[in-house]
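To find a chain, count down the sequence lines: A is the first, B the second, and so on, and within it residues start at 1.
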Amino acid sequence: MTARLGGLLALAASALFIPAPAHGEDGAPRKGGTLTMARDSEPLTLNPIGAGDNGSIFMIVQVFDTLVETADAPLPQPALATGWTVSDDAKTWTFALREGVKFSNGDSLTCDDVKFSIDRFANPKVNTSYGGFGAAIAQTECASPSSFIVRLKAPQGAFLDYLSTFIPSIVPKALYEKMGDKAFSEKPVGSGPFMVKEWVRGQRLVLERNPYYWKNGQPYLDQIVINYVPDENTRMLKVESDEAQIATEVPYAQIERVAALAHVDVQIENVMAWDAVWFNSRKAPFNDPQVIQALNYATPKEAMLKTLMHGAGDIANHVIARVKYWDPAVEAYPYDLAKAKEALAKSSSPQGFALSCLIVAGDQFELQQAQILQSEWAKIGVTMEIQAVDTGTIWTRWGSGDENCFTFTGAGLSSDALSDDNLAVVFFDFTGGIESFWTGWNNKDAIALVKEADGTIDEEKRKAAFHKLQRLAMAEYPAVPLFFIKARTAVSDKVKGFKTLPVKWWNLEDVWLAP
Amino acid sequence: MRPSPPGIEKDAWLRLTRRARLDRGWATISLYAGIAIVAFIAALSAAAPFLGLRDPTATDLMNALQPPSLAFPFGTDDLGRDIFARVVYAGRVDLVFGIVVTYVSLVIGLSIGAISGYFGGLVDTVIMRIVDLVISFPFIILILTIAAIVGPGLTGAYIGVIAVSWALYARLTRGEMLAIRRREFILNAETLGYSAPRVVFVHALPNLLRANLVFSMSDIVLNILTLAALSYLGLGVAPPTPEWGEMIAQGQKNLFNAWWISTLPGLVIVLVGIGFSLIGDGLADRLDESGR
Amino acid sequence: MQTASSPTPLLAARDLSVGLVNRHGAFLATNRVSLAVDRGQSLGLLGESGCGKSITLRALLGLVPHPGEIVGGSVTWKGRDWRSLSKSEIRRIRGKDIAMIFQDPASCLNPVFTIGDQVTETLRLKLALKAKAARELARDLLDQVGIPAPEERLRLYPHQLSGGMRQRVMIAMAIATEPDLLLADEPTTALDVTIQDQILTLLARLKERNRMAMILVSHDVGVVAQNCDFIAVMYAGHIVEWGPTHDVLRTPRHPYTRGLLAAIPRLEVSGGRHPLQTIAGAPPTPGELPEGCPFRLRCPSARPECATIPVTLDRKPPDHGSACPIVM
Amino acid sequence: MSLIAFAGRRLAQAIPVLLIITVAAFSVIHLVPGDPARVMLGSRATDEAVQVLREQLGLDKPLVTQYLDFLKAAMQLDFGDSLFQRTAIGPIVAARAVHSLALVGYAVLISLVIAVPLALLSAIRRNLLADHVVRALTTLAFCMPSFWTALLLVLLFSIRLKFFPTSGLGDSPLAYLASLTLPAVSIGLYLTPILLRSLRASLIQTLGAEFVEAARARGFGEARILFKHVLRNSLIAMLTILGINVGFLISGAVIVENVFSIPGLGSLMVAAIVQRDYPVIVALTLVFGVVVVAANFLVDLSYALLDPRIRQ
Amino acid sequence: MTETPLLSVTSLHKTFGGRASLARLLQGKPARRLTALDDVSLTLGRNEVLGIVGESGSGKSTIARCITRLEKPDQGEITFAGEDVWQARGAKLRGIRKDLQMIYQDPYGALNPRMSIGRAIAEPALVHGLIGRDGARALACELLDRVGLPRSVAELTPRALSGGQRQRVAIARALALKPRVIIADEAVSALDASVQAQILNLFGELMRDLSLSMIFISHQLSVIAHLADRVAVMYLGRIVETGATADVFARPRHPYTAALLKAHPHLEARRSQTPALAGEIPSAYAIPEGCRFNTRCRYAETRCRLSDPPAAAFAQGHEAWCHVLPDLENSANS
């Protein structure tokens with residue numbers, strides 16, 4: 001589905017997850033053909049455990065399968081597990097494994113493989129990048145070749161969501177142990193729709209159909225060539241010249257131009273990515289919610305959305321991404337200089353103040369955004385110095401707790417899981433490990449709400465807790481939320497069934513090429 | 001013009017005098033045309049605050065991406081800033097950067113190169129190995145380190161570029177020094193028992209200047225381009241201060257829908273480049289010593 | 001002026017004027033120079049630096065460096081005006097009928113090619129020889145000009161030879177085509193006196209053998225005196241005196257020639273440091289000549305009218321001319 | 001001196017320089033704040049997780065140990081593993097070095113093809129219209145931002161005329177060459193003016209040399225004099241400039257590499273620095289050092305070939 | 001010469017070159033060394049002009065460079081007014097430097113192109129503390145007068161001067177320190193004949209007026225003949241003949257001296273059919289055994305190839321180093 005230009009209006013929560021009409025108006029899917037993609041990033045590893053970047057993750061999900069999978073639905077769907085049951089204490093999960101699934105090398109997928117993979121996921125020494133996702137798992141067990149049991153230390157609200165991420169992808173145990181981490185990362189074998197045919201680092205990854213894939217008749221494509229094209233202009237020229245049928249990350253400035261091409265459409269879709277400016281609440285005046293409010297009121301989001309993003313985004317009404325339990329009813333701060341001045345007058349720094357803000361060097365979008373803020377905030381007496389530093393430096397400096405402001409756009413911040421829990425822990429739980437994303441926001445209510453939501457699988461309770469958290473954060477959290485970012489993908493008319501999922505990747509097994 | 005002497009074919013003589021004027025004149029024309037171009041841009045930049053230009057840093061989202069018009073001679077960028085004003089103000093950063101970096105490097109490189117060439121031996125070997133090192137050391141690592149130590153922005157760019165570009169002057173000067181130290185006026189200074197610093201700095205250095213000065217003209221442009229490249233990587237001038245390279249980099253994503261954002265500042269760099277290279281050509285001729 | 005006796009001399013220049021350009025503008029490097037040589041004759045062009053003798057020599061071959069050019073007069077080769085010849089005809093004459101050697105043999109040979117390459121290149125182009133024949137002839141020529149072990153020398157590069165050897169190579173290339181005329185521009189100035197002696201002896205022998213005409217440019221009175229049948233003395237672009245060598249040296253007519261001869265220290269009258277007779281002042285800078293006689297500001301016999309009279313060589317007596325109408 | 005002795009001496013001189021380069025790169029990059037483990041794990045990970053990863057990567061060892069480990073392995077041509085790509089550095093760098101060298105080599109070739117005739121024209125028609133036009137155009141090319149020229153080239157030759165692919169690298173030798181053409185031209189446009197200027201200057205000098213006059217006096221044709229006698233004598237100054245620029249060209253090709261999606265050393269270097277991928281940075285510095293030394297060696301060698309005087 | 005000489009050079013040796021190339025080391029060959037001076041001794045008396053004549057490569061300039069401390073001799077002693085030039089330190093060294101002044105061949109190279117004439121002339125005196133800053137102008141004017149240049153020249157740079165004028169400036173600069181000895185290395189060789197005569201006359205005047213001593217190095221026999229009281233003829237790093245100029249030039253005892261004289265282009269004589277001397281000077285890297293002139297000498301005998309010739313003394317300090325000492329009067333005129 002292709003969004004109309006001009007942007008989508010704020011959608012209801014469920015609107016994020018409109019089920020794709022199976023293969024709707026495009027007629028019956030056709031088998032065969034090679035799809036060429038031009039991507040903005042390249043994989044660094046193809047090992048599900050150890051990957052942490054979109055370049056790798058989006059490829060890993062094409063090669064591997066998980067017990068439950070992310071689809072166009074608010075809840076994880078059956079995949080390698082055909083179904084599951086949960087005990088009353090919500091601590092024991094029993095998965096019925098799909099029969100007859102084979103890895104792409106022809107080996108059968110067994111419960112041992114599942115156990116091996118989930119155990120690695122649960123081991124924080126192995127799973128360093130996403131240790132928190134598997135931390136709740138106490139023990140796993142193969143009750144029978146087709147029944148896999150996971151026992152949790154405590155109930156975990158997002159358990160299934162975490163299982164649907166790429167991290168607990170099922171790998172063939174025997175082969176993995178034989179090949180070792182390094183070799184497996186280069187030439188992985190999974191049970192996903194595609195398998196790796198060729199990987200030339202820095203250039204391209206070629207995937208071909210996994211002949212043993214369990215989904216009936218899928219995948220449709222024989223082969224996918226994913227080229228690494230870092231330059232955004234070049235990426236667009238790739239689809240323009242039909243050297244590629246899909247190009248990711250259409251630059252905002254070119255949405256109109258590319259969409260106007262006869263054979264290309266720009267798909268604009270909601271994903272769980274967002275953009276905000278963060279402040280260090282350990283430092284004055286950012287410990288003063290009035291100051292934060294003043295900055296919020298002084299930010300002309302509407303105008304920024306229009307000029308910077310050409311409308312392809314939504315004004316954020318939350319300081320984290322628009323995930324499962326997002327409440328559309330919460331109001332975003334309007335642009336209101338009078339209110340801003342009023343708030344500032346009531347604050348600890350009524351005369352305004354100076355701040356310096358870290359941004360990532362070389363990111364033109366962020367630079368522009370920062371300059372608008374600089375120019376706008378000056379109107380209420382806040383002078384902002386922009387400090388562009390490279391990515392390598394940025395986390396160290398922001399993590400040091402000595403900086404006062406930091407902005408990092410949606411391309412870098414997105415949720416990997418379908419529910420809010422992970423982001424909530426990172427951003428709102430001071431005790432969660434990185435002191436509320438290093439903002440130092442230590443709010444007891446927020447911490448309690450995070451724990452409350454995480455500790456239950458009762459959907460209503462979870463929803464209520466997250467809604468409360470959202471309102472609390474909007475009122476007090478030391479950040480200026482800006483936009484919910486949308487995925488912008490240039491897609492050739494020939495490509496059918498392509499869709500960007502809220503987690504930003506794509507189920508390429510659904511894609512087929514029209515003749 | 002002197003009248004053609006007797007017994008001379010008038011046409012041929014005329015042709016020759018014209019050629020002589022042109023030949024002689026070109027260096028002068030080149031020098032003054034170059035100075036005129038650079039001076040024009042420099043004067044414009046220097047006088048920027050008094051020209052009644054729009055605030056180069058003020059964003060005006062309502063007027064974003066305006067093509068060149070009477071109101072905005074160079075158009076506006078996607079934040080609605082007046083590109084003409086920005087180009088003019090940017091000259092203050094770029095020209096000063098180009099000139100300061102170039103001449104600080106020149107002075108350092110000239111001194112080190114002269115010492116290296118004059119004393120020879122171990123001093124020379126050590127210095128030239130350091131020069132090799134600087135020349136083969138990846139520039140970007142150095143810049144990043146310096147940016148990390150002194151903070152991002154212009155200071156880092158200044159230090160980083162100087163840290164590298166002195167080496168070429170040192171190499172150039174050493175070569176010249178090797179040639180000049182055999183000249184008799186240097187020998188004479190030595191026989192008179194002048195101290196080594198006096199021989200090197202008072203007697204040799206002024207004569208090493210020409211090659212360096214001529215080279216410095218193209219180096220200024222090169223250094224401005226380097227600053228532009230640093231801006232491209234986000235390590236140049238701290239925003240919102242306008243800088244030509246930063247403007248060009250910023251316009252990159254708008255190249256297809258607003259060509260003027262990158263192109264017009266780019267043309268200004270080209271103009272400055274032509275200006276300095278004209279000065280270089282003129283200087284090369286004018287500083288030609290001896291008149292033999 | 002005529003030094004040649006035949007009606008159509010081998011090479012003749014009539015009122016030849018060459019304009020050059022320096023940083024001050026255009027100027028006449030040679031001013032209405034007339035001269036001629038015939039077979040077997042040698043003419044010496046004597047003068048101090050900047051007097052235009054070298055440029056005269058180049059003009060005779062049509063080799064005035066750009067942006068200078070011949071601005072007046074004519075040069076005829078065997079009665080044919082250079083200007084009536086096509087470019088390819090001129091190229092054929094150069095290096096075949098007329099050869100030239102230069103002052104600094106170090107810079108006249110291309111440093112990046114071997115001697116053999118350069119000598120055979122000339123032979124192949126000028127005599128249309130095949131590589132092997134050219135090589136053999138080259139060896140022969142080097143032998144003729146007195147280069148020992150010629151076969152080995154052919155493989156060397158110019159910088160590996162001494163100055164004298166290099167000049168011999170230049171001469172070998174020059175005489176390869178048995179030219180009718182050899183132009184020599186200070187051929188021994190860069191050489192030591194014993195080597196100069198060898199080279200000049202060699203040139204004299206070759207001239208004799210091939211009945212070759214020669215124009216020798218030099219600032220050294222002794223060199224010209226010993227090697228030329230005729231002398232033309234140049235000053236500031238003009239020929240101020242000419243005649244048979246013997247006459248000019250014995251009874252110089254022009255005040256400049258007289259001054260020049262008196263200023264040279266003699267080997268024979270050594271010791272005592274008695275003052276030499278000198279010419280006052282310095283030779284004029286090209287392009288900054290006084291009106292009238294160019295020598296008048298330095299001339300001990302100058303009179304007011306020297307500023308107005310045009311410089312012309314008198315033709316009487318017929319074989320010894322002077323451009324000074326005052327001193328007879 | 002024999003060629004081997006010459007090469008041997010150059011190498012002996014180069015080794016300490018290369019060693020110092022790696023030490024400098026290694027220590028310098030550690031001066032920069034930033035932690036590869038943190039960069040890898042980004043915003044999500046807790047400090048404990050980062051610590052675990054640091055241990056896994058061996059980043060907790062003292063710097064000296066890390067460097068010596070690198071050096072020990074490097075002696076056996078094993079540069080270790082990239083922290084980020086989790087794979088051996090050797091093959092990654094080698095593959096990219098091939099592309100970089102091919103690209104820069106191609107660009108040099110193109111520059112020579114453009115610069116030499118234009119310099120000849122410029123030198124012969126010195127201070128005349130042709131000279132001015134050539135110099136103005138090359139100055140223009142020199143000052144144009146490279147991504148700008150690159151995109152212009154793509155629009156014209158790839159999109160409009162469809163002569164070359166927009167980006168990426170072809171598989172067959174011919175396709176490979178085709179895909180490198182536009183990037184090489186982009187770099188060449190920057191390099192050409194540099195070469196042209198130095199060649200023009202030395203041509204003018206050589207044209208005034210006496211052996212040129214002697215060749216004319218010998219009745220040689222102008223073309224022969226120019227191409228056989230003058231050009232060879234003038235190439236040396238240009239080669240020196242080329243030697244100095246090779247290093248800059250390879251590391252400075254980042255922008256062109258990005259625009260044309262060519263996996264070269266430049267973009268790897270930038271990525272490695274941003275990620276603080278220490279082993280890759282050090283390995284790359286070493287490679288750059290070797291390339292620069294090798295380039296200068298080749299330049300010296302071609303001097304010796306071009307000018308027998310230097311062989312002494 | 002009964003009194004002690006002002007300047008004496010005893011058994012001077014100097015070789016150049018040195019670092020062996022790797023290739024030569026591998027072949028077991030020692031480094032090639034160029035012998036510039038091999039056991040050269042000479043003296044200079046008060047108010048005397050000593051001419052040193054020889055072809056290029058004879059080592060005549062190296063002597064000047066050793067005396068003026070530009071090259072350190074390998075062996076041998078140079079004493080000036082009783083002081084060892086190479087041992088002297090401090091005030092004595094400064095005194096020697098002041099007293100020994102050098103004038104070079106190339107009038108274009110000898111002056112710093114970027115320094116005004118006035119400054120160039122006065123600078124040595126300033127640096128040596130002979131005058132104060134305010135005395136510079138007066139000194140420059142005085143010296144310009146002395147060498148026959150207009151005072152206005154002081155403001156110019158060398159570029160504006162002709163070759164002869166530059167050489168006058170170089171002389172003025174040398175005189176600024178009131179030296180006792182002037183060493184002129186080919187000081188008139190690059191000048192035109194008419195200018196050369198002026199400079200030679202200037203030297204003559206200076207010798208007369210300032211009671212200077214002078215070592216005059218030249219390849220031009222006629223210039224030496226004009227200026228020098230005594231002459232030393234050098235060949236390949238050695239003095240082969242020395243004596244009063246008139247005597248040596250009129251009755252050369254060494255075949256090389258005779259050949260030089262014969263090769264000199266005379267105005268009167270017609271060229272002979274054979275050159276005065278065949279062959280070329282051997283390489284200074286490979287000096288012939290025995291008498292070093294034996295490879296070119298038409299009188300060479302077996303002993304000449306075996307041993308160095310001893311000095312043969314003639315009247316009035318005329319000495320020649322030749323085994324054969326052939327009767328040269330006839331051969332020179334043949």
Side-chain angles (χ1 to χ4, degrees), chain B residues 19 22-23 25-27 30 125 128-130 132-133 135-149 164 167-168 171 175 218 221-222 224-226 228-229 232-233 244-245 248-249 251-252 255-256 262-263 265-278 280-281 284, chain D residues 13-14 16-18 20-21 24-25 27-34 126-128 131-132 135-136 138-148 151-152 155 190 193-194 197 201 240 244 247-248 250-252 254-255 265-266 269-270 272-274 281 284-285 288-293 295-296:
Chain B
R19 214 179 290 152
L22 207 74
D23 231 45
W26 170 245
S30 167
T125 311
M128 282 302 117
R129 288 295 85 78
I130 294 174
D132 284 352
L133 189 124
I135 288 175
S136 36
F137 194 82
F139 175 63
I140 180 161
I141 296 187
L142 203 73
I143 285 283
L144 270 164
T145 318
I146 291 162
I149 294 167
V164 174
L168 287 181
R171 223 186 221 186
S218 50
V221 184
L222 207 62
I224 293 177
L225 290 174
T226 306
Y232 187 90
L233 296 171
W244 293 329
I248 292 169
Q252 186 190 7
L255 204 57
F256 290 102
S262 273
T263 310
L267 284 178
V268 174
I269 292 195
V270 169
L271 196 64
V272 170
I274 290 177
F276 278 111
S277 76
L278 286 174
D281 290 345
Chain D
Q13 281 178 349
V17 172
L18 291 180
I20 297 170
I21 288 178
S27 39
V28 150
I29 196 69
H30 277 92
L31 286 177
V32 182
R126 186 187 179 191
N127 281 353
L128 298 175
D131 184 22
H132 296 319
R135 291 161 77 195
T138 48
T139 309
L140 191 90
F142 180 71
C143 296
M144 279 196 300
S146 54
F147 76 84
W148 200 77
L151 275 179
L152 232 55
L155 283 178
Y190 162 82
I194 299 177
R197 275 188 155 257
T240 316
I244 290 176
F248 289 137
I250 292 179
S251 56
V254 196
I255 294 172
L265 293 174
M269 172 69 91
V270 172
I273 290 171
V274 166
I281 294 169
L284 277 178
T285 356
F288 275 96
V290 169
V291 167
V292 171
V293 168
N296 284 316

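- Distance check, rounded to the nearest 0.5 Å: CG of B:Leu225 to CE of D:Met144 gives 11.5 Å.
- In this structure, the portion of B:Leu168 lying under 4.5 Å from any heavy atom of chain D is its side chain and not its backbone.
- A distance of 8.0 Å separates CZ of D:Phe288 from CD1 of B:Ile141, quoted to the nearest 0.5 Å.
- Considering B:Val272, B:Val270, B:Val268, B:Ile224 as possible partners of D:Cys143, the one that fulfils the side chain to side chain contact (heavy atoms under 4.5 Å, CB included) test is B:Val270.
- Counting heavy-atom pairs closer than 4.5 Å to chain B, the top-ranked of the candidates D:Leu128, D:Val292, D:Ile273 is D:Ile273.
- With a 4.5 angstrom heavy-atom cutoff, D:Leu151 touches chain B only via side-chain atoms.
- Using a 4.5 Å cut-off between heavy atoms, B:Ser30 makes no contact with chain D at all.
- For B:Leu255, the part lying under 4.5 angstrom from a heavy atom of chain D is the side chain only.
- Heavy atoms closer than 4.5 Å to chain B are found nowhere in D:Ala141, neither backbone nor side chain.
- Contact annotation for D:Arg197: only side-chain heavy atoms (C-beta onward) come within less than 4.5 Å of a heavy atom of chain B.
- With sequence neighbours left out, D:Leu155 forms a side chain to side chain contact (heavy atoms under 4.5 Å, CB included) with A:Leu237, B:Phe256, D:Ile159.
- Taking 4.5 Å as the limit, some side-chain heavy atom of B:Pro138 sits within range of a side-chain heavy atom of D:Met269.
- Counting heavy atoms of neighbouring residues, nucleotides and ligands inside a 6.0 Å radius, atom CZ of D:Arg126 does not exceed 12 of them.
- The most heavy-atom pairs under 4.5 Å with chain D, out of B:Ser277, B:Ala229, B:Ser136, come from B:Ser136.
- In terms of heavy-atom pairs under 4.5 Å with chain D, the best-connected choice from B:Ile130, B:Leu271, B:Asp281, B:Leu267 is B:Asp281.
- Here CD1 of B:Ile274 is found 6.0 Å from CG of D:Leu140. Values are rounded to the nearest 0.5 Å.
- By the 4.5 Å heavy-atom criterion applied to side chains, D:Ile244 and B:Arg171 are counted as neighbours.
- The line from CZ of D:Phe142 to OG of B:Ser218 is 7.0 Å long, rounded to the nearest 0.5 Å.
- For the pair D:Ala24 and B:Phe137, the tightest heavy-atom approach, listed with the atom from each and the gap, is CB-CE1, 3.7 Å.
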